[in-house]
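Convention: sequence-line order gives letters A, B, ...; per-chain numbering from 1.
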2 protein chains.
Amino acid sequence: MARPLLIDRESVLVAAFRIADEEGLAAVTMQRVATDLLVTPMALYRHVANKADLLDGLVELLLDDVPLPPATMPWRERLRWIAESIRLAAQAHPAVFVLLFQRPATTAALDVRRAIYDALRDGGVPESEVARTERVISTVILGFAASEAGGRFRNRPKREVDSDFAAAQAMVEHYLDQMRGEGASSTS
Amino acid sequence: MARPLLIDRESVLVAAFRIADEEGLAAVTMQRVATDLLVTPMALYRHVANKADLLDGLVELLLDDVPLPPATMPWRERLRWIAESIRLAAQAHPAVFVLLFQRPATTAALDVRRAIYDALRDGGVPESEVARTERVISTVILGFAASEAGGRFRNRPKREVDSDFAAAQAMVEHYLDQMRGEGASSTS
DNA sequence: ACCTGAACACCGTTCAAGT
DNA sequence: ACCTGAACACCGTTCAAGT
């Protein structure tokens, strides 16, 4: 049988992801990733097109790590679950999370978006308003999570940031209740 | 009289700001800034501590460019003015704007924050809620502006993004009306 | 005090070469 | 097909030297 591969795309991304988590995005260099994998930097180029492609891969990995709620859960709880999952992912992987703001939705982000669409529909948001409602509430949650991940709240006590997040969530839910209009079918 | 300085801190920041605007943050290197100023890269280190200091200076420059509303304007219009100013600054200087998410509030950001505080107080938000209200609405507006500046809405038509911004603003205003409580003193 | 020259330890990326 | 060696054109930053 053929000589086994020393590395593949996944091992490259996993190594880079770990470096980002532990030492920040600036530490993620082709040379450093290669060193951790015991290969030369040039070996990486067979598995990622270039560094931008590598960073795109990190965002995918991050979003795969955002657990989506079971479809059996009441819609309102599903939305809270997703918001909480995104915030936890931002806290666990702040360096990678900030990349989310630098590029348009990738395929993994589409899974999250679809889960939000489903919850909004189940909550009675009219079909014509589902897409916009998702964009607005995602921007609020992502904005909050990215602020936290990026360090904009660095000087604030954790309890305060937590209750600010609760306030932002309350604002979103209220907006949602308006969007649900008269066609609302269920509550929770 | 002494030989005139070739460069000073302001000229360094202005040169870097222009490069960021025209070619993005990746183009802002010490060597490139120096080249534009007709000096060697090492000359910059007499005027900025290092590259991080230079980037901090760019954020200051950006925030100085956010016009604040006249105090005579009704409070609600002042808030809309500020939100609009921030969004325009993000559109005009997207590369620098994303840095705002990477660092805690600087002195220039404090001017903006104070203007928001004043408007909230004039709108009847209880003193105990002013600070949190400012944090929540700033996060929404900044999150939206950063999404736009970072390219998260890159694939969307401008009209759609505009109306999403209006929806986010409406959400914020509604939240605000709740925060105003019974002590509201004026409307507009 | 302000700027330069030379140098150091890095970057991302290419290309031809090995197996 | 996969990885390496050598090389290129960059980075940020330091230090000693010039004026």
Side-chain angles (χ1 to χ4, degrees), chain A residues 1-61 95-96 98-99 102-103 106 150-151, chain B residues 1-61 95-96 98-99 102-103 106 150-151:
Chain A
M1 71 183 188
R3 176 182 42 153
L5 293 185
L6 291 180
I7 57 174
D8 56 16
R9 184 178 171 89
E10 198 195 339
S11 63
V12 170
L13 295 180
V14 167
F17 198 83
R18 172 201 292 237
I19 296 168
D21 278 354
E22 294 176 355
E23 301 173 44
L25 217 52
V28 179
T29 67
M30 300 304 267
Q31 346 257 328
R32 174 61 195 282
V33 173
T35 299
D36 284 12
L37 291 168
L38 304 176
V39 297
T40 63
M42 298 73 81
L44 304 181
Y45 285 88
R46 197 143 293 271
H47 307 284
V48 295
N50 48 39
K51 193 175 178 187
D53 181 39
L54 187 154
L55 295 179
D56 280 341
L58 295 189
V59 174
E60 293 291 311
L61 233 53
V96 177
V98 299
L99 292 177
Q102 243 87 314
R103 52 203 77 231
T106 56
Chain B
M1 73 184 189
R3 175 181 45 152
L5 294 182
L6 291 180
I7 56 175
D8 56 15
R9 183 177 171 90
E10 199 196 338
S11 62
V12 170
L13 294 180
V14 167
F17 199 83
R18 173 202 291 238
I19 296 168
D21 278 354
E22 294 177 354
E23 301 173 43
L25 217 53
V28 179
T29 68
M30 301 302 268
Q31 346 257 329
R32 173 60 195 282
V33 173
T35 299
D36 284 12
L37 292 168
L38 304 175
V39 297
T40 64
M42 298 73 80
L44 304 180
Y45 285 88
R46 197 143 294 271
H47 307 284
V48 296
N50 47 40
K51 193 174 178 187
D53 182 38
L54 187 153
L55 295 178
D56 281 341
L58 295 188
V59 173
E60 293 292 311
L61 232 55
V96 178
V98 299
L99 292 176
Q102 244 87 316
R103 51 203 78 231
T106 57

Can you tell me the distance, in whole Å, between the CE atom of A:Met30 and the P atom of D:dT4? 13 Å
Would you check if A:Val59 and A:Gln102 make a side-chain contact, meaning some heavy-atom pair closer than 4.5 Å? no
With heavy-atom distances below 4.5 Å as the criterion, would you say the side chains of B:Ile19 and B:Asp36 are in contact? yes
Hey, does B:Val96 have a side-chain heavy atom less than 4.5 Å from the side chain of B:Leu61? no
Side chains of B:Val33 and B:Lys51: does their closest heavy-atom pair fall under 4.5 Å? no
Between D:dC2, C:dC11, D:dT13, which one does the side chain of B:Gln31 approach most closely? D:dT13
Can you check whether B:Leu37 reaches B:Leu6 side chain to side chain, under 4.5 Å on heavy atoms? no
What's the CG-P distance between A:Leu5 and D:dC2, to the nearest Å? 6 Å
Taking all heavy atoms of B:Ala95 and all of B:Ala20, pick out the closest pair and write down the distance. CB-O, 3.5 Å
If we check side chain to side chain contact (heavy atoms under 4.5 Å, CB included) with B:Glu10, which of these qualifies: B:Ile7, B:Val12, B:Leu13, B:Asp8? B:Asp8
In whole Å, what is the span from the CD1 atom of B:Ile19 to the P atom of D:dC11? 10 Å
For DNA chain D, just give me the dot-bracket, please: Watson-Crick or G-U, both distances below 3.5 Å, ( ) intra-strand, [ ] crossing earlier pairs, | paired with another strand, . unpaired. ||.|||||...|||||.||
Near DNA chain D, which residues from residues 38-52 of chain B have a heavy atom under 4.0 Å away? B:Met42, B:Tyr45, B:Asn50, B:Lys51
Provide, to the nearest angstrom, the distance between the CZ atom belonging to B:Arg9 and the P atom belonging to C:dA1. 19 Å
Other residues, nucleotides, ligands: >12 heavy atoms within 6.0 Å of A:Arg9 CZ: yes
